[in-house]
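Start at 1 and go down the list; that is how both ligands and their atoms are numbered. Predicted, not measured: the structure shown is a model, and the values here were computed from it.
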Amino acid sequence: MASKNIGDVILDVKSISLRFGGVKALTDISFDVREHEVRAIIGPNGAGKSSMLNCINGVYTPSEGAITFRGQTFSHMNSRQVAEMGIGRTFQNLALFKGMSVIDNIMTGRNLKIKSNILLQALRIGPAQREEFANREKVEHIIDFLEIQAFRKTPVGQLPYGLQKRVDLGRALAMEPQVLLLDEPMAGMNVEEKQDMCRFILDVNEEFGTTIVLIEHDMGVVMDISDRVVVLDYGKKIGDGTPDEVRDNEDVITAYLGTSH
Ligand SMILES: Nc1ncnc2c1ncn2[C@@H]1O[C@H](COP(=O)(O)OP(=O)(O)OP(=O)(O)O)[C@@H](O)[C@H]1O
């Protein structure tokens with residue numbers, strides 16, 4: 001991987017525990033994410049990866065611990081508040097409007113950025129009109145960046161799965177997040193689609209300077225594109241380091257040998 005300027009800690013996860021009734025999904029998890037890095041969270045099925053992402057994203061409230069984003073600590077924020085702070089995400093099961101066009105789906109990602117009131121927006125006058133032009137311009141830039149110009153007006157449900165994942169990425173990028181959480185961005189993709197998605201993730205990281213936190217099952221991909229990797233198993237952290245360090249970690253090897261991964 002080309003050297004890049006990895007900065008200070010932007011996201012600090014401190015002693016997070018999460019329970020679902022009797023199930024301990026996460027136990028005392030701590031790790032940090034540095035600005036501009038690609039940070040992966042890996043682990044066997046049921047290890048707690050999605051639960052961790054959902055805590056960062058405000059979907060779940062941890063039973064213990066706190067998360068600090070750019071110096072601001074939170075443990076009870078909802079998803080919208082977290083998004084407004086600058087943490088965006090994509091979803092394992094696509095959260096797109098299948099009947100709407102590519103461009104309109106990506107525009108929904110701009111909702112958080114809209115400042116004019118709803119009446120001005122409906123009348124498309126004054127600041128609302130200028131704002132809509134600016135939003136359209138941003139969205140068109142994302143469409144060019146993701147090389148999906150040919151499908152701008154196509155209903156998302158008619159696109160192949162790999163392209164739908166790309167639109168989902170575009171929707172998340174439209175909110176201009178500082179940290180982007182990607183939940184299995186390569187799941188269900190063929191080799192070519194995976195290669196494309198890897199390229200786009202690295203381009204987002206390099207060209208937009210976006211910090212990336214991703215969950216991914218494909219080990220080849222994780223080891224290729226990540227700067228550092230956190231490994232979870234049964235809700236506990238068993239490894240944390242560079243791809244090489246994690247690859248040589250005995251606990252990680254044991255956890256993975258005991259599963260189908
Ligand atoms: N909403 C929920 N209610 C009850 N238990 C849950 C819930 N979500 C997750 N769990 C449990 O918490 C544990 C961690 O699950 P989680 O989905 O976070 O793991 P994961 O590593 O993302 O798994 P996978 O790779 O299969 O997606 C599992 O034992 C799971 O059954």
Taking NZ, NE, NH1 and NH2 as the nitrogens, is one of them in [X] or [Y] under 4.0 Å from a carboxylate oxygen of the other?
X	Y	answer
R80	E84	yes
E193	K165	no
D196	R166	yes
E147	R199	yes
R228	D32	yes
D240	K237	yes

Quick test of your reading of the structure: of G21, G46, G22, whose heavy atom lies closest to atom 23 (O) of ligand 1? G46
Quick test of your reading of the structure: of G235, A187, S51, whose heavy atom lies closest to atom 15 (O) of ligand 1? S51
Min N/O separation G48 to ligand 1 under 3.5 Å: yes
Numbered atoms and elements of ligand 1 in range of [X], under 4.0 angstrom, heavy atoms:
X	result
Y60	1 (N), 8 (N)
A47	19 (O), 20 (P), 21 (O)
N45	23 (O), 24 (P), 25 (O), 26 (O)
H217	25 (O)
P44	21 (O)

